[in-house]
2 protein chains.
Amino acid sequence: MAQKNKLQFIILGLLNQQPLTGYDLTKAFEHEIGEFWQAQHSQVYPQLKRLEAQGYITHEITISGEKLEKKLYHIVPAGQAALTTWITAGTPELTATKDEFILKLYFVRTNRDPRLPEMLTEQLHLHQDKLEHLQQRLTTVFPTKATQSENFGHYLILQHALGRETDYVTWLKQTLTALPK
Amino acid sequence: MAQKNKLQFIILGLLNQQPLTGYDLTKAFEHEIGEFWQAQHSQVYPQLKRLEAQGYITHEITISGEKLEKKLYHIVPAGQAALTTWITAGTPELTATKDEFILKLYFVRTNRDPRLPEMLTEQLHLHQDKLEHLQQRLTTVFPTKATQSENFGHYLILQHALGRETDYVTWLKQTLTALPK
DNA sequence: TTAAAACATGTAATTAGTTATATGTTTTAA
DNA sequence: TTAAAACATATAACTAATTACATGTTTTAA
């Protein structure tokens, strides 16, 4: 997929909060931001070099222990400008969700297909787990009104993800019960 | 993104319904199936060659008019087996939705950010349009109970898409009204 | 009759993303 | 004290997907 390099903006956005190393950024993709965007370190390190070449970030080398070199990256004003431009610009394209299960369903022709109950049940479990996970996150990451306003955007998208999964689960349940016996 | 070549199965699935040319398949990605999956002809033609080399499909050449050659592709039993295997196998990975707007929101820190109203309003319009479009499709593609059972999977995923967009619109509206003045 | 649109098939170049390979250091827990 | 886990950075190979390039035919409507 070639999709206009959003990774660069994620990195700028994260560096806009605090200086980080490539390793730190990679960790972020395994946790926090990894909830809705993924990237491997093999994508992160080259992107950091490109951003630095473009004059959006700089790095300083720090030594950890005896000799382990860390490159701590900072955003610079030009990078902040690029980040703001990206956020401020419109987002007129709705990205189609490429959900493999949905794709498989498309090729199931009748409601008597014997594979349907098993397929739907598997997805129900997966999405119920996901829903539980998101509910857990909401209460641990945003326990108070104050924490919600501190990180408003993140709070909003977690709410949205929760709504989406709730809807997914409802749809699967409803479809399962409507199946002919 | 490297995601296990789902295109091959979409092509097998479509050829399982009727023989088609590469051009027909490309058209399908602009209409029907294009609602939730995209592919360009530059992906379709090479994939057809690979599927034929694997022994999943064959083609016959027909002449249109004086000399325009069409390659009409047919699925063969091995291809039908591969298609069934794919559908029957579990689908244990939930694909994360890479929604650019959601990504931007993540970097908006406070509910007083002056960009929020405009950003949310733009998305509201886009998703309202999408919702309307899906409602239109539901009534035109599946006007009767009979048409719904004839193409059950397609009906289901259209229902699901409708629910998803309804939820998206609700979330955006609710967020907009909850914003501080 | 003719020009534009649609039909029809391909390859090349580039970008995005995953998986694999490579190398070494520091910290932690058995 | 030592082995495993975590820290830290980087490149290579490969797959997927978009955009651009390339060529020609048939149909439709002005």
Side-chain angles (χ1 to χ4, degrees), chain A residues 1-11 15 19-31 33-34 36-54 57 59-73 93 95-100 103, chain B residues 1-11 15 19-31 33-34 36-54 57 59-73 93 95-100 103:
Chain A
M1 197 191 312
Q3 58 188 329
K4 245 190 46 182
N5 195 358
K6 281 148 202 154
L7 178 62
Q8 64 180 317
F9 299 115
I10 301 174
I11 291 177
L15 293 183
L20 295 167
T21 66
Y23 190 83
D24 296 332
L25 285 161
T26 302
K27 286 282 137 186
F29 282 106
E30 288 165 16
H31 305 115
I33 204 158
F36 55 96
W37 210 278
Q38 293 77 43
Q40 276 68 44
H41 73 274
S42 57
Q43 248 186 304
V44 171
Y45 290 111
Q47 185 64 65
L48 282 168
K49 292 201 168 173
R50 283 196 293 274
L51 284 168
E52 188 162 39
Q54 286 175 283
I57 60 175
H59 79 270
E60 56 173 317
I61 292 177
T62 64
I63 305 290
S64 188
E66 284 298 299
K67 49 181 165 172
L68 183 61
E69 289 194 352
K70 289 189 197 187
K71 292 183 180 174
L72 195 63
Y73 285 89
E93 281 124 61
T95 27
T97 8
K98 296 198 162 184
D99 182 324
E100 189 172 9
L103 193 56
Chain B
M1 198 192 309
Q3 58 186 330
K4 245 189 44 182
N5 195 359
K6 280 148 202 152
L7 178 62
Q8 64 180 318
F9 299 115
I10 301 173
I11 291 177
L15 292 184
L20 295 168
T21 65
Y23 189 83
D24 295 333
L25 284 161
T26 302
K27 284 282 136 185
F29 282 107
E30 287 164 19
H31 306 113
I33 203 158
F36 53 96
W37 210 280
Q38 292 77 45
Q40 275 69 43
H41 74 276
S42 58
Q43 246 187 305
V44 171
Y45 290 112
Q47 185 64 66
L48 283 168
K49 292 202 166 170
R50 283 195 293 274
L51 284 168
E52 189 162 40
Q54 285 175 283
I57 61 175
H59 79 270
E60 57 174 315
I61 292 177
T62 64
I63 304 289
S64 190
E66 286 296 299
K67 50 181 164 172
L68 183 60
E69 290 194 352
K70 289 190 197 187
K71 292 184 179 174
L72 195 62
Y73 285 90
E93 281 124 62
T95 26
T97 9
K98 296 198 162 184
D99 181 326
E100 188 171 9
L103 193 56

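These figures come from a predicted structure and were not determined experimentally. Lettering of chains follows the sequences in order, A, B, ..., and the numbering in each one begins at 1.
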N/O donor-acceptor pairs under 3.5 Å from side chains in residues 43-51 of chain A, not counting sequence neighbours:
{"unit_1": "A:Tyr45", "atom_1": "OH", "unit_2": "A:Tyr23", "atom_2": "N", "d": "3.4"}
{"unit_1": "A:Gln47", "atom_1": "OE1", "unit_2": "A:Asn5", "atom_2": "ND2", "d": "3.1"}
{"unit_1": "A:Gln47", "atom_1": "OE1", "unit_2": "A:Arg50", "atom_2": "NH2", "d": "3.0"}

When A:Ala39 and B:Pro46 are each assigned the nearest nucleotide of DNA chain C, the 5'-most assignment goes to B:Pro46
On a heavy-atom basis, the closest approach of A:Tyr73 and A:Leu15 is O-CD2, 3.6 Å
If each end axis of the helix from C:dT1-D:dA30 to C:dA30-D:dT1 is fitted on five C1' pair positions, the angle between them, to 10 degrees, is 30°
B:Glu93 atom CD is separated from C:dG17 atom C1', nearest whole Å, by 15 Å
Exercise. Think B:Gln40 has a side-chain N or O under 4.0 angstrom from the OP1 or OP2 of D:dA17?
Worked result: no
Handout entry: Backbone of B:Thr97 reached by a side-chain donor or acceptor of A:Thr97 within 3.5 Å
Key = no
To the nearest angstrom, the CD-C1' distance between B:Gln43 and D:dA16 comes to 6 Å
By salt bridge (Lys or Arg N to Asp or Glu O under 4.0 Å), A:Glu30 pairs with (sequence neighbours left out) A:Lys27
For A:Phe36, the ring-ring contact (aromatic ring centres under 6.0 Å, His included) test, sequence neighbours excluded, returns B:Tyr106
5' to 3', nucleotides 2-10 of chain D under a 4.0 Å protein heavy-atom cut-off (B base, S sugar-phosphate only, - none) gives ----SBBBB
Hits for side-chain contact (heavy atoms from CB on, under 4.5 Å) against A:Leu68, two or more places apart or cross-chain, chain-then-number order -> A:Ser64
